[in-house]
There are 2 protein chains.
Amino acid sequence: MDDSLLSVDDAADSPLADLEHDRSRLGRSSTAERVADILRDRVTEGFFEPGQRLSEEAIADALGVSRNTLREAFRLLGHEGLLDHRLNRGVFVRILSAEDVADLYRVRRVIEGAAVRRRPSGQELAVIREAVADAERAAADDDWRGVGTANIRFHQALVTLNQSPRLDEAMRQLLAELRLVFHVMKNPRAFHEPFVTRNRKLLELLEADRPDEAAAFLDAYLDDAEQLLVRAYEPNR
Amino acid sequence: MDDSLLSVDDAADSPLADLEHDRSRLGRSSTAERVADILRDRVTEGFFEPGQRLSEEAIADALGVSRNTLREAFRLLGHEGLLDHRLNRGVFVRILSAEDVADLYRVRRVIEGAAVRRRPSGQELAVIREAVADAERAAADDDWRGVGTANIRFHQALVTLNQSPRLDEAMRQLLAELRLVFHVMKNPRAFHEPFVTRNRKLLELLEADRPDEAAAFLDAYLDDAEQLLVRAYEPNR
DNA sequence: AACATAAGGATCGTTGAACAATTCGACAAG
DNA sequence: CTTGTCGAATTGTTCAACGATCCTTATGTT
């Protein structure tokens with residue numbers, strides 16, 4: 001209907017087929033969205049700390065956009081759970097309570113649990129395998145930050161087994177929220193190392209087509225991760 | 001750190017502790033949020049039809065708010081999946097594809113499926129029972145619109161078994177999206193009637209504490225609902 | 001007649017300024 | 001030590017303006 005490339009698309013698998021993948025990038029973004037991208041990075045990377053207030057004037061000034069545009073970006077991130085918008089008081093980097101962390105892991109158990117009960121395709125398994133291998137490589141290099149990002153890719157790949165774009169998106173946001181908490185871990189190695197081998201084990205259970213065992217294994221996995229996180233988190237409230 | 005009520009909080013459970021619950025009500029809403037509420041109602045009730053363009057100027061004028069404020073409201077609803085924001089073209093009431101409907105039901109199977117596998121408390125069961133009874137009453141009165149809303153309450157009550165605020169919120173949004181599609185059902189009775197007795201049956205399985213049967217029953221339930229919806233939906237694309 | 005191109009109008013995207021509403025801290029009074 | 005009051009700072013909202021983009025229609029070319 002508005003598919004301007006349709007005529008070339010059905011002309012068999014031409015070399016142009018690859019271009020299809022880049023089409024998502026093609027949809028240019030508004031200034032507000034680009035501003036939101038910048039702020040999202042800053043928040044998840046820890047540049048802005050939880051609880052910190054984000055001044056409209058200061059940031060609008062620093063980024064060279066108007067207050068109105070910045071406010072639109074704030075709304076976007078507020079809906080993603082990264083910012084906390086308090087009426088007449090401004091926006092703050094979200095502070096997650098221990099209860100929030102527990103809830104995030106409840107959601108993970110539901111979404112990831114459903115995922116590992118499905119029969120993965122060969123291609124899906126390949127992506128998961130790649131993430132596991134990346135984590136192992138990073139661990140061998142003592143690159144614990146790299147282990148963390150590979151780990152996140154691993155879990156995101158798990159969720160794709162659900163074959164649901166909405167669940168993929170939900171997981172994306174969930175992990176962004178979790179990253180708000182990860183920064184409290186002063187010792188990333190202690191947090192990430194135990195899970196490298198468990199990723200591998202979970203992958204093997206999937207490859208062996210034993211969904212029930214995989215689900216049980218994942219539950220224990222998430223229980224431990226949650227506890228590790230909450231214990232490092234509770235003290236400083 | 002910034003908890004101004006801390007001094008009274010740890011002073012034992014004073015009568016003031018009850019006030020804490022009302023704190024959520026205290027956060028009044030901004031104009032943008034109230035505008036979003038209005039538009040959300042209009043969209044889900046079908047006043048604005050899918051595909052219809054919502055003119056910034058016209059609506060801002062009609063509601064007596066500025067374009068900037070309206071745009072903030074649009075952002076909110078866009079993130080909820082009710083509006084489709086196309087750069088430089090405006091916002092449109094979202095048109096869900098058959099693939100979207102399939103995805104929504106995939107998510108329902110995951111979230112509601114996890115819910116019915118849990119052991120409900122007496123209080124949770126009471127809420128579910130109430131929704132079932134409401135649907136039956138409305139059906140007896142030939143009030144098929146009423147059956148629809150009671151049905152929605154039923155499924156929302158199911159999801160609360162997960163004890164997860166985030167899953168509750170996800171379900172809320174999911175059902176709002178689904179309501180965009182429900183309007184294509186010209187015969188609400190044919191769509192809602194079959195599920196009244198199935199709601200009752202599912203409730204009984206929960207009361208009898210047979211989670212696996214409940215889950216299986218729900219899967220079939222959702223399969224049928226999805227098919228009914230897609231069949232009425234596919235033709236007019 | 002089919003197609004490409006150009007012009008025009010409508011609408012969105014963004015800005016900057018302005019003012020009202022609200023919060024918060026400081027300071028004075030009880 | 002609590003309560004009331006004031007004022008600075010910040011947010012909430014409006015408004016007008018202008019450039020950018022899209023859609024339609026008209027125009028011209030092959």
Side-chain angles (χ1 to χ4, degrees), chain A residues 1-8 23 25-39 48 51-79 83-95, chain B residues 1-11 14 16 23-39 48 51-79 83-95:
Chain A
M1 193 177 286
D2 107 293
D3 205 344
S4 51
L5 290 182
L6 194 74
S7 51
V8 315
R23 194 141 80 174
R25 278 199 250 169
L26 188 133
R28 299 135 311 165
S29 56
S30 66
T31 305
E33 284 167 37
R34 268 170 287 149
V35 170
D37 287 342
I38 293 175
L39 294 179
F48 293 129
Q52 182 175 344
R53 175 171 149 269
L54 303 184
S55 160
E56 287 190 358
E57 189 176 358
I59 294 182
D61 211 45
L63 292 179
V65 300
S66 76
R67 268 181 65 213
N68 283 319
T69 299
L70 177 63
R71 287 169 62 83
E72 290 205 355
F74 279 166
R75 293 280 180 186
L76 292 177
L77 296 176
H79 237 269
L83 298 183
D84 186 7
H85 199 140
R86 310 182 205 173
L87 193 59
N88 285 316
R89 306 224 280 125
V91 299
F92 300 77
V93 179
R94 177 92 176 278
I95 297 182
Chain B
M1 190 177 286
D2 113 288
D3 202 346
S4 53
L5 290 183
L6 194 73
S7 51
V8 315
D9 277 354
D10 25 52
S14 66
L16 290 178
R23 196 140 79 172
S24 54
R25 272 201 258 169
L26 191 128
R28 298 135 312 168
S29 57
S30 67
T31 305
E33 284 166 33
R34 268 169 289 152
V35 169
D37 288 340
I38 293 175
L39 295 178
F48 292 129
Q52 183 175 344
R53 177 171 147 269
L54 303 185
S55 159
E56 287 190 358
E57 189 175 358
I59 294 183
D61 212 44
L63 292 179
V65 299
S66 76
R67 268 180 66 211
N68 282 320
T69 299
L70 178 63
R71 286 169 61 83
E72 291 204 354
F74 278 166
R75 295 280 180 184
L76 291 178
L77 297 176
H79 243 268
L83 298 183
D84 187 6
H85 199 139
R86 311 181 204 172
L87 193 60
N88 284 318
R89 307 226 279 126
V91 298
F92 299 77
V93 179
R94 177 90 177 276
I95 296 181

Study note, to complete from the structure: Sorted by chain and residue number, the salt bridge (charged side-chain N to carboxylate O under 4.0 Å, His left out) partners of B/Arg94 (sequence neighbours excluded) come out as B/Asp100, B/Glu177
Exercise for review: Mind checking side chain to side chain donor-acceptor pair (under 3.5 Å) for A/Arg71 and listing every partner two or more places apart, or none if nothing turns up?
Suggested key: A/Glu56, B/Glu72
Revision key, fill the gap. Per nearest nucleotide of DNA chain C, the residue lying toward the 5' end, B/Arg75 or B/Arg53, is B/Arg53
Exercise for review: Ignoring backbone atoms, establish whether A/Ser55 has a side-chain N or O less than 4.0 Å from OP1 or OP2 of D/dT10.
Suggested key: no
Exercise for review: Could you list the residues that satisfy salt bridge (charged side-chain N to carboxylate O under 4.0 Å, His left out) with B/Asp37, not counting sequence neighbours?
Suggested key: B/Arg40
Point to revise | Among D/dT11, D/dC22, D/dT14, the one nearest B/Arg89 by side-chain distance | key: D/dC22
**Study point:** For B/Thr69, all residues meeting side-chain contact (heavy atoms from CB on, under 4.5 Å), sequence neighbours excluded
**Key:** B/Thr31, B/Ala32, B/Val65, B/Ser66
Point to revise | Gap separating the CZ atom of A/Phe92 from the CZ atom of A/Arg86, nearest 0.5 angstrom | key: 4.5 Å
Study note, to complete from the structure: Its contact letters, B for base, S for sugar-phosphate only and - for none at protein heavy atoms under 4.0 Å, make nucleotides 15-20 of chain D read B-B---
Check your understanding: Can you name the residues that form a salt bridge (charged side-chain N to carboxylate O under 4.0 Å, His left out) with A/Arg34, not counting sequence neighbours?
Key -> none
Study note, to complete from the structure: Residue set satisfying side-chain contact (heavy atoms from CB on, under 4.5 Å) with A/Ala60, at least two apart, ordered chain then number -> A/Arg67, A/Leu70
Exercise for review: Could you tell me whether the phosphate oxygens of D/dT14, OP1 or OP2, come under 4.0 Å of any side-chain nitrogen or oxygen in B/Thr69?
Suggested key: yes
Exercise for review: Rounded to 10°, tell me the angle between the two end axes of the helix from C/dA1-D/dT30 to C/dG30-D/dC1, each built from five pairs.
Suggested key: 10°
